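See structure below.
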Amino acid sequence: VARWPAFRGQTVTEAKVQAWLDQFPDAPSQRAMFCILQHVHFYSQSFMRKKMREVDSIIREAAQDRVGSRQLTAEELVVSYLDGPGKSGAATARLLCEERGLPASVIVERAMLGQRLSDDKVRVLVLTDDFVGTGKSACSALQALHDDIAPEVRARDVRTLFVAVVGHVSGMEAVRRLAADLQFGLQVHCCESLDESDCVFSEKSDTFPSPAQRLLAKELAQQWGARLQKQTPLGFGDLGLAVVFERSCPNNSLPILHA
């Protein structure tokens with residue numbers, strides 16, 4: 001807990017952790033749930049800023065056949081996102097521009113992309129998100145976006161990238177399959193990959209010292225999670241992830257951690 005950053009502006013203290021554990025009925029249950037806390041992937045804003053430099057490198061490499069070795073200008077680069085203006089994708093886009101020293105004007109809302117891409121000066125379009133879990137939301141949004149902008153992208157040969165800061169391998173693979181099917185040159189990148197070993201109730205995870213404790217924790221997570229999110233007690237897609245960002249928590253994470 002001492003290593004965790006603040007969550008939504010509030011420090012996660014030992015007292016808050018103890019209060020969270022106290023909701024479970026007995027010592028064995030609390031020990032099992034504490035194992036989950038010990039294996040939370042807590043991504044700080046500092047981590048995100050460091051990853052923006054990695055995203056910048058991805059953009060530079062992808063743009064080489066458009067502008068050579070020089071850096072893209074603000075007129076040549078468009079940064080956007082798949083979700084709404086107040087969501088995590090938009091926040092990631094803003095952070096990328098802050099770290100690259102780019103004006104906010106390069107960020108374009110999804111609804112305005114078609115108009116912006118009609119400018120002959122645009123060379124590269126970057127779509128950002130902080131997290132991909134099952135990939136269903138990303139695929140749905142990318143399919144809709146393709147239907148709106150593919151003619152402009154193809155006509156002007158705009159290099160198009162989708163970059164997730166953190167992603168589960170199954171979700172990223174789903175996005176890559178869709179990108180191949182859409183056939184409009186979409187490149188898919190992920191800076192930090194999670195796999196089945198990061199799903200806390202997976203047999204490949206080292207979250208729990210024994211299968212019995214894993215089973216107990218899963219039963220508790222389902223029981224308490226159903227009270228918070230009846231349809232998805234283990235998180236969307238039943239991934240059972242323990243992923244937290246400093247400003248938000250993905251819906252693929254266990255509801256008991258954030259709801």
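Remember, predicted model here, so these are calculated numbers, not experimental data. Hydrogens, waters and symmetry mates are skipped; everything else that's a heavy atom, side chains included, is used.
Hydrophobic clustering places V106 together with M52 (ILVMFWY residues linked when any side-chain heavy atoms are closer than 4.5 Å, directly or through intermediates). Note: the hydrophobic cluster containing V163 also contains L102 (ILVMFWY, side chain heavy atoms under 4.5 Å, direct or indirect links).
At a cut-off of 3.5 Å, with distance as the only test, a side-chain donor of D198 or H41 sits close to an acceptor on the other residue. Using a 3.5 Å distance cut-off with no hydrogens or angles, the side chains of Q30 and D26 do not pair a donor with an acceptor. Side-chain atoms of Q213 and R31 form no donor-acceptor pair, as typed in the model, at a separation below 3.5 Å.
The minimum heavy-atom distance between A93 and Y81, with the atom names listed, is CB-CD2, 4.1 Å. Across L82 and R110, no two heavy atoms sit closer than the pair O-CD, 4.3 Å.
Of the candidates K121, R70, R159, R156, R70 is the only one forming a salt bridge (Lys or Arg N to Asp or Glu O under 4.0 Å) with E76. When D56, I59, I107, I58 are each tested for a side-chain contact (heavy atoms from CB on, under 4.5 Å) with V126, only one passes: I59.
For E98, the CD atom counts as densely surrounded, since its 6.0 Å shell holds more than 12 non-hydrogen atoms of other residues, nucleotides or ligands. Heavy atoms from other residues, nucleotides or ligands lying under 6.0 Å from CZ of R247 number 12 at most. Within a 6.0 Å radius of CD in Q38, more than 12 heavy atoms belonging to other residues, nucleotides or ligands are found. Counted within 6.0 Å of NZ on K51, heavy atoms from surrounding residues, nucleotides or ligands total more than 12; the atom is thus considered enclosed. Atom NZ of K16 is surrounded by more than 12 heavy atoms from other residues, nucleotides or ligands within 6.0 Å. More than 12 non-hydrogen atoms from other residues, nucleotides or ligands lie less than 6.0 angstrom from CD of Q45.
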TODO: Kindly determine whether V124 and T160 satisfy side chain to side chain contact (heavy atoms under 4.5 Å, CB included), including the steps that lead there.
DONE: CA-CA 6 Å; V124 176; T160 306; over 6 Å; no
- [ ] Check the pair E246, F47 against side chain to side chain contact (heavy atoms under 4.5 Å, CB included), reporting the backbone distance first and the verdict last.
- [x] CA-CA 10 Å; E246 195 167 332; F47 167 90; over 6 Å; no
Task: Steps toward side chain to side chain contact (heavy atoms under 4.5 Å, CB included) verdict (T134, L239) - done: CA-CA 8 Å; T134 64; L239 289 181; 4.0 Å; yes
TODO: Under the side chain to side chain contact (heavy atoms under 4.5 Å, CB included) rule, what do S46 and K50 come out as? Steps first, then yes or no, please.
DONE: CA-CA 6 Å; S46 174; K50 289 178 181 177; 4.1 Å; yes
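Note that the OG atom of S210 and the CG atom of L215 stand 9.5 Å from one another [nearest 0.5 Å]. Distance CZ/F208 to CE/M33: 7.0 Å, rounded to 0.5 Å. Here L96 contributes atom CG and R49 contributes atom CZ; the two are 11.0 Å apart, rounded to the nearest 0.5 Å. Remark: I36 CD1 to T207 OG1 distance equals 7.5 Å, nearest 0.5 Å. The CG atom of L95 sits 12.0 Å away from atom OG of S88, with the distance rounded to the nearest 0.5 Å. Atom OG1 in T232 sits 12.0 Å away from atom CD in Q222 (nearest 0.5 Å).
Ion pair D195/K204 not flagged as a salt bridge, since none of the NZ, NE, NH1 or NH2 atoms sits closer than 4.0 Å to an Asp/Glu carboxylate oxygen.
H146 and F184 have their aromatic ring centers within a separation under 6.0 angstrom.
Under the 30°/60° scheme for interplanar angles, the aromatic rings of F24 and W20 are found to stand perpendicular.
The shortest side-chain heavy-atom distance between V122 and R116 falls under the 4.5 Å cut-off. Using a 4.5 Å heavy-atom threshold, the side chains of V166 and C191 count as separate. Contact annotation: the side chain of S248 approaches that of D130 to within less than 4.5 Å [non-hydrogen atoms, C-beta and beyond]. Using a 4.5 Å heavy-atom cutoff, the side chains of W4 and T13 are not in contact. Side-chain contact check for D83 versus D129: some heavy-atom pair is nearer than 4.5 Å. At least one side-chain heavy atom of L72 sits under 4.5 Å from a side-chain heavy atom of R123.
One N or O on the side chain of S253 and one on the backbone of V243 form a donor-acceptor pair closer than 3.5 Å.
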